[in-house]
Amino acid sequence: MTTVTSPLAGRAIGLAEVPDPVFSGAMVGPGTAIDPVREPSEAVAPVDGVIVSLHPHAFVVVDANGHGVLTHLGIDTVQLNGEGFELLVSKGDTVTRGQSIVRWDPAAVEAAGKSPVCPVVALEATAESLSEVRDSGDVKAGDSLFSWN
């Protein structure tokens, strides 16, 4: 079993509340989402593993069980072309849960007209394979979001 923890501080809102049909419809995979606090912060690794995909606005960490966890920083933030995001690791790096991956500012994303809501998705998973999914309440970086069985 893999415990996936929050990459950010904020409020858990669940995927259904994400203002993007691809995420809200769980087309990418099941999981939850965080409405982040509006201050400059660092998104951290939600699991121990290897960075297999890394963009200013999104990253995927694959753990020892082969589970890929996508953290997407905001919605449509690819359109910002990396502005306001600073990568702190490289693709292929081995990271530990809680290690800083990307520095960003959710308030700046919002000011640029994009939603700062952050989906945290279990790639190639089924909803049935997740348990204890957090979809409400305040969370700190490192708090449990869901278990992947």
Side-chain angles (χ1 to χ4, degrees), residues 1-47 49 51-63 66-89 91 95 97-149:
M1 182 172 73
T2 299
T3 298
V4 176
T5 56
S6 184
L8 302 155
R11 188 171 48 88
I13 61 170
L15 282 184
E17 302 299 316
V18 174
D20 179 291
V22 173
F23 287 111
S24 63
M27 289 182 237
V28 179
T32 191
I34 305 297
D35 188 3
V37 295
R38 302 301 194 269
E39 59 190 33
S41 62
E42 294 176 357
V44 302
V47 293
I51 301 281
V52 298
S53 180
L54 180 65
H55 304 278
H57 64 280
F59 57 91
V60 175
V61 181
V62 173
D63 74 2
H67 293 152
V69 179
L70 167 68
T71 299
H72 202 286
L73 302 174
I75 301 300
D76 295 331
T77 44
V78 66
Q79 297 167 3
L80 300 177
N81 298 314
E83 192 171 323
F85 297 85
E86 180 188 353
L87 298 177
L88 304 174
V89 297
K91 183 177 177 181
V95 295
R97 179 190 315 274
Q99 182 176 339
S100 296
I101 308 293
V102 179
R103 186 174 294 127
W104 74 308
D105 185 350
V109 165
E110 202 165 48
K114 308 298 178 195
S115 168
V117 166
C118 298
V120 181
V121 175
L123 298 174
E124 299 178 27
T126 62
E128 296 75 32
S129 63
L130 303 189
S131 61
E132 301 170 37
V133 178
R134 246 349 240 275
D135 60 7
S136 64
D138 291 338
V139 293
K140 297 187 299 289
D143 286 356
S144 179
L145 288 182
F146 53 86
S147 294
W148 190 343
N149 305 313

Subject >> Check: T5 side chain, P46 main-chain N or O, donor-acceptor pair, under 3.5 Å >> reply: yes
**OP:** State the CG-CG distance between L73 and L80, to the nearest 0.5 angstrom.
**Re:** 11.0 Å
Original post:
Which distance, rounded to the nearest 0.5 Å, do you find between the OG of S115 and the CD of E110?
Top reply: 7.5 Å
Subject >> Full working for side-chain contact (heavy atoms from CB on, under 4.5 Å) between W104 and S41 >> reply: CA-CA 6 Å; W104 74 308; S41 62; 3.7 Å; yes
Subject >> R11 side-chain N/O to G137 backbone N/O, donor-acceptor pair under 3.5 Å >> reply: no
**OP:** Drop me the distance from S6's OG to D143's CG, to the nearest 0.5 angstrom.
**Re:** 7.0 Å
**OP:** Please answer whether the main-chain N or O of A125 pairs with a side-chain N or O of S129 as donor and acceptor at a distance below 3.5 Å.
**Re:** no
Original post:
Got a donor-acceptor contact below 3.5 angstrom from the T32 side chain to the R134 backbone?
Top reply: yes
**OP:** State the CZ-OG1 distance between R97 and T2, to the nearest 0.5 angstrom.
**Re:** 8.0 Å
**OP:** Kindly indicate whether the side chain of T77, heavy atoms from C-beta on, has any atom under 4.5 Å from the side chain of H72.
**Re:** yes
Subject >> N81 (side chain) donor-acceptor with E83 (main chain) under 3.5 angstrom >> reply: no
**OP:** State which residue, out of V69, V95, V62, fulfils the side-chain contact (heavy atoms from CB on, under 4.5 Å) condition with V47.
**Re:** V69
Subject >> Member of V89, L87, V60 meeting the side-chain contact (heavy atoms from CB on, under 4.5 Å) criterion with I51 >> reply: V89
Original post:
If you look only at pairs with a residue in residues 114-149, which of them pass as a ring pair (Phe, Tyr, Trp, His ring centres under 6.0 Å), with sequence neighbours excluded?
Top reply: H67-W148
